[in-house]
Every structure is written in C-alpha cells, then in structure tokens.
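What you are looking at is a predicted structure, and each value in this text was computed from that prediction instead of being measured. Numbers for residues simply follow the sequence, beginning at 1.
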Amino acid sequence: MIGIFDSGTGSYRERLERLRPRTAGALPEVAEAVRKIIEDVSRRGDVALREHAARLDGVPSDAAAEVPRADFAKALSIVDPAVVKALKLARERIEWYHAKQVSGGYTVRDRFGSRLEMRVEPVDRAGVYIPGGKAAYPSTVLMNVIPARVAGVGEVIATSPGASLESSPVILAACAIAGVDRLFRFGGAQAVAALAFGTETVPACPVVVGPGNAYVAEAKRQLYGRIGIESVAGPSEIVVIADSSAGPAEIAADMLSQAEHDETAAAILLTDSPQLARLVQHEIMRAVEVSPRRNILEQSVPDRGMIILTGSLAEAVEVANGIAPEHVELMVRRPEGLARHIRNAGAIFLGRTTPEAMGDYLAGSNHVLPTGGAARFSGPLGVGVFLKRTSVVYTSEKALNVLGPSIVALARAEGLFEHARSVEIRLPRTGPKPDSRPPAGPGGKVVQLPGGRGKKPQLRAVDSPARAGKPAAGKLAKVHLLKPRNKPGGGKRK
C-alpha cells in the first residue's frame with residue numbers, strides 16, 4: 001500500500017524526511033570492503049581481479065577475461081531484429097542530441113595584443129561500467145558509450161559481470177551498435193579498480209562512467225580524483241506533479257516504471273487533487289498485483305513510495321525542488337509554464353505524451369542523471385565528461401608592462417613575494433627597484449640563491465630595518481648585489 005499524506009501534517013514531514021537524499025557515503029562495511037578491493041587490485045593487478053571475480057561473481061579463474069569481437073557480431077544476428085532496429089534508432093537520436101554539446105574551444109584577444117585560448121580535447125580512453133544483476137540494460141550501454149564517441153574519445157573500454165553477459169546477448173549487440181572497442185567479463189568494485197589503475201589485461205582509463213550497485217558506486221566515489229566520473233549513482237527517483245486533468249492509470253504506470261528498478265527506488269506523487277490521489281493509490285495497488293516485477297514493487301512502493309496532497313501546484317513545485325529528484329514529470333494542464341519554476345531536477349518531462357520512459361530510451365537526451373539530491377548542483381551525463389580543457393596563454397610585452405604592477409601589488413598582498421618578483425624582474429627598469437621579498441631579521445642576512453653550472457649565484461646582502469625581529473612597517477629593505485665568489489677549488493671563472 002502506498003500512503004497518502006497531507007503536506008500540512010507532521011506525519012508528512014517525517015515521511016518525506018525518510019525519503020530525502022541520504023548522507024553521502026556508503027555504509028561503513030561497504031566502504032571498508034571496497035577500500036580493501038581497490039587496494040588489492042592496485043597492488044596485485046590481474047591476480048587480485050580474477051580472485052575477486054571468482055569470489056563475488058562466480059567467474060571461473062581460467063575463464064577468458066575479454067569478450068571476442070566475433071561475439072559482438074554473433075549477438076547482432078541472434079537478437080530480435082525489432083530490438084536491433086530500436087537500438088540503432090536510439091543511437092541515431094542520442095548522437096544527434098549530444099552532437100550539440102561538442103565545443104571546439106575558443107580564442108580571445110585583448111587590446112594589448114595578448115591571446116587567451118581555451119583548448120578542448122577528448123580524453124585518450126574512457127571506461128564504461130555496464131551493470132548486470134536484476135535486469136539487462138542495453139539502453140545504458142548506448143547512453144554511456146555514445147557521448148564518449150561523439151566527444152572523440154580514442155578508445156572505449158567496457159566491463160560487465162560475466163554472468164550477465166552470458167545470459168544477455170542484447171548487451172553485446174548494444175556494445176556493437178554503440179561502438180565499444182573492448183569488453184571485459186568483470187563486475188563490481190574490482191572492475192572499477194581495474195579500469196582506474198589498469199592491470200596486465202585491462203587498460204587504465206582516465207574517465208570511468210556507468211551505474212552499478214552500492215559497491216560500484218562506492219568504488220567510483222573512492223577513486224574520484226584518480227579518475228574522472230560522471231556521478232555517484234544512487235537509487236532511481238521520480239516525482240510526478242499532477243492536477244485533476246491527469247489520468248490516474250498513466251500516473252501509476254509512470255511511478256511504477258521507476259519503482260521497478262530495485263527495492264530502494266523512490267516514487268512520489270504531488271497533487272492538489274484529493275480525488276486524483278485516491279484514484280492513483282488504487283491504480284498502483286491494482287498494477288502491482290499483476291506486474292512481472294511484483295517482487296520488487298511490493299517492497300519499493302510501500303517503503304519508498306508516497307502520495308502528497310499539497311495546497312497548490314506552487315507548493316508542489318517547492319516540495320519537488322527540495323527533493324531535487326532524478327526525474328520530474330509534469331502531468332498538468334500547462335506543463336511548459338510550470339517547468340520554468342522547477343530548479344532542481346535531473347530531467348523534466350512535459351505532459352501526458354512525454355512519459356519518463358521516453359527519456360530512458362528514444363528521446364535522445366541522456367538517462368544517466370543525478371540522484372540523491374545531486375540535481376541541486378549537477379546534471380545529466382554528457383559529452384563534457386569526456387572532454388578536458390586546457391588554457392593557453394600568451395601575454396604581449398605591452399600587456400606585461402601595463403598589467404604587471406597590479407600583479408605585483410596583488411602578489412605582495414597575498415604574501416607571495418616570489419610571485420611578485422617573477423613579474424617585477426620582467427618589467428622595464430625606470431630606476432632603483434625594491435626587492436619583492438620581505439626584509440630579513442635584525443642585523444641583516446646574506447642569502448645565496450641557487451645558481452647552476454656556468455651561472456653566477458645570486459648573492460644578496462640585506463640590511464634590514466627590522467625592529468625586535470619584525471620588519472618596520474612601511475619600510476623596504478636595502479638590497480646590494482655582491483660580487484660572486486670564485487668557483488670551489490680556487491681559480492677564476494673562464
């Protein structure tokens with residue numbers, strides 16, 4: 001049974017708090033198990049990878065690690081032609097949409113003749129984790145691989161639990177259609193670690209994307225910084241905002257489309273219509289009874305489902321923004337107007353002709369979206385995840401002379417005196433120039449800076465105006481260059 005709660009009650013707030021994003025990080029036992037796996041794979045490579053695969057996924061230690069390319073073509077020949085056609089159509093639409101995200105960088109010039117460039121290049125290689133377990137997800141293969149291909153990534157390496165690959169030829173077909181270069185039969189945290197560090201068999205990848213279970217998500221979290229990731233994926237979420245014009249059966253179907261992912265998926269309806277709330281509650285109960293995914297829905301719906309009666313659609317929007325869910329559906333008379341007020345959502349779906357499943361498969365937008373409240377600060381997986389930016393800077397002599405004094409002033413204000421000197425030494429000398437460094441202690445100090453073979457060491461005698469060990473306010477130290485000493489062993493420099 002999915003409960004109906006009034007937004008003005010304490011029970012509503014208590015229930016909603018249970019469904020709000022949980023604190024970052026996995027359970028302590030999960031985090032510790034993942035840490036040990038990562039450390040082991042980084043240290044022992046293939047040996048550790050195979051041991052963990054045998055222990056956790058039941059993969060025989062002597063099984064082939066990599067799927068032969070011939071198996072890709074074989075899968076295309078045995079998968080239902082209608083499914084292959086749908087995958088190719090999805091590829092076309094995903095490519096079309098993501099091509100708009102490609103940036104070639106830019107170059108700007110200022111009035112001094114300086115040039116600033118933003119260079120944008122793809123990473124050399126990308127890793128894609130393909131989840132297995134409760135279902136096969138060929139659409140996820142396309143959503144993760146195609147943006148990398150559009151970005152221009154040179155090589156795409158995929159990995160997935162071996163058992164899932166053997167039972168789901170549609171995954172291999174999707175890999176062929178999306179453009180996977182190499183596919184390995186490894187899953188779990190050990191697969192993510194292998195992609196991050198590289199082993200004798202699995203190449204290292206600077207970027208690793210793709211959803212997975214709690215262990216996969218935690219591995220990505222712990223390895224972030226060594227590798228780039230798109231997000232740390234959590235359970236699926238959907239929030240439907242509906243008024244009295246919406247169809248109860250359609251709302252129920254859309255909520256269950258996310259609740260069926262797993263037992264921790266969340267499905268929430270926000271409506272200002274009490275009658276609609278009761279009708280949707282009835283439709284959900286009826287649909288769960290006959291669903292092939294009933295075993296999952298009977299846990300996720302009562303545990304993570306909720307119908308909320310709000311005083312208005314405006315209040316519903318604010319509740320949704322507070323949740324910051326992965327998906328928001330607007331089943332209202334004027335969805336476009338309401339959509340402008342949704343600030344925090346991974347994706348927004350407008351009206352009854354746009355069910356969330358459209359975004360999962362064929363809309364062309366990406367279905368890898370922020371979960372757990374991350375929509376407050378991030379968005380869908382896109383081409384940018386696979387691109388790296390580099391600044392290229394050229395400063396003209398005129399710019400150096402005009403901007404240099406301000407740089408010196410700022411560097412001194414930060415106490416970074418060598419920063420200041422690195423600019424000051426390049427500025428034209430119009431008279432005696434004070435040294436950028438702070439005065440020495442009482443009595444002065446001779447400082448020898450590193451010279452180098454064939455170079456004169458820079459010797460300075462600093463007469464400090466310091467008082468009681470601290471530089472006198474507003475006064476600069478006098479600096480005298482000293483003659484260099486002879487080279488060690490006597491004799492003069494030649």
Listed pairs under 3.5 Å, donor-acceptor, residues 78-86 side chains, sequence neighbours left out:
from: Asp80; atom 1: OD1; to: Ala82; atom 2: N; distance (Å): 2.9

Find the distance between CG (Leu223) and CZ (Phe197) and round it off to the nearest 0.5 Å.
5.5 Å
Give a yes or no on this: more than 12 heavy atoms of other residues, nucleotides or ligands lie within 6.0 Å of atom CE of Met358.
no
Strictly by salt bridge (Lys or Arg N to Asp or Glu O under 4.0 Å), give each pair with a member in residues 351-360 just once, sequence neighbours left out.
Glu250-Arg352
Not counting sequence neighbours, which residues clear side chain to side chain donor-acceptor pair (under 3.5 Å) with Arg294? List them please.
Glu289, Glu298
Is Arg43 salt-bridged to Asp40, cutoff N-O under 4.0 Å?
yes
If the condition is side chain to side chain contact (heavy atoms under 4.5 Å, CB included), which residues does Asp124 pass it with, not counting sequence neighbours?
none
Point-to-point distance, once rounded to the nearest 0.5 Å, from CG of Leu270 to CG of Leu309
10.0 Å
So does Lys388 have more than 12 non-hydrogen atoms from other groups sitting under 6.0 Å from NZ?
yes
State whether the number of non-hydrogen atoms from other residues, nucleotides or ligands found under 6.0 Å of Arg55 atom CZ is greater than 12.
yes
Tyr97 OH: over 12 foreign heavy atoms closer than 6.0 Å:
no
Nearest 0.5 angstrom please: Ile268 CD1 to Arg304 CZ, how far?
8.0 Å
Whether Glu39 and Arg35 form a salt bridge (side-chain N of Lys/Arg under 4.0 Å from carboxylate O of Asp/Glu) is what I want to check.
yes
Taking the side chain as every heavy atom from C-beta outward, state whether Arg293 and Ile296 have any atom pair closer than 4.5 Å.
yes
Can you confirm whether more than 12 heavy atoms, excluding those of Glu14, are under 6.0 Å from its CD atom?
no
Is there side-chain contact between Arg182 and Phe184, with at least one heavy-atom pair below 4.5 Å?
yes
Sequence neighbours left out, cut at 3.5 Å: what donor-acceptor pairs do the side chains of residues 330-338 make with other protein atoms?
from: Arg333; atom 1: NH1; to: Asp243; atom 2: OD2; distance (Å): 3.4
from: Arg333; atom 1: NH2; to: Ser244; atom 2: OG; distance (Å): 3.0

Say you draw a straight line from CD1 of Ile146 to NE2 of His98; how long is it, rounded to the nearest 0.5 Å?
8.5 Å
Flag side-chain contact, heavy atom, 4.5 Å: His327 against Val239:
no
Could you check if a side-chain atom of Ile130 sits within less than 4.5 angstrom of a side-chain atom of Asn144, using non-hydrogen atoms only?
no
Sorted by chain and residue number, the side chain to side chain contact (heavy atoms under 4.5 Å, CB included) partners of Asp181 (sequence neighbours excluded) come out as Arg149, Glu155, Val156
Below 4.5 Å, heavy atoms only, C-beta onward: do Leu276 and Ile251 meet side chain to side chain?
yes
Hey, are the side chains of Val207 and Ile227 touching, using non-hydrogen atoms and a 4.5 Å cut-off?
no
Side-chain contact test, heavy atoms from C-beta onward, threshold under 4.5 Å: evaluate it for Cys175 versus Phe72 and give yes or no.
yes
Under the side chain to side chain contact (heavy atoms under 4.5 Å, CB included) test, residues paired with Ala191 that sit two or more places apart
Tyr129, Thr159, Phe186
List in chain and number order the residues that pass side chain to side chain donor-acceptor pair (under 3.5 Å) with Ser11, two or more places apart in sequence or in another chain; answer none if no residue qualifies.
Thr9
By side chain to side chain donor-acceptor pair (under 3.5 Å) - contacts of Glu121 (at least two apart)
none
Going by the rule side chain to side chain contact (heavy atoms under 4.5 Å, CB included), which residues pair with Tyr394 if we only count those two or more places apart in sequence or in a different chain?
Arg115, Ser396
Out of curiosity, Asp272 CG to Ser312 OG, how far, rounded to the nearest 0.5 Å?
7.0 Å
Holding to side chain to side chain donor-acceptor pair (under 3.5 Å), I want the full list of residues that pass it with Asp303, two or more places apart in sequence or in another chain.
none
Quick one: pull up OG in Ser391 and CZ in Arg119 and give me the separation to the nearest 0.5 Å.
10.0 Å
Heavy-atom count check: over 12 atoms from other residues, nucleotides or ligands less than 6.0 Å from Gln275 CD?
no
Step by step, work out the side-chain contact (heavy atoms from CB on, under 4.5 Å) result for Leu87 and Leu142.
CA-CA 8 Å; Leu87 288 172; Leu142 271 59; 4.2 Å; yes
Pairing of Arg221 and Glu218 as salt bridge, 4.0 angstrom limit:
yes
Residue pairs, two or more places apart or on separate chains, that pass salt bridge (Lys or Arg N to Asp or Glu O under 4.0 Å) and touch residues 314-328
Glu318-Arg343
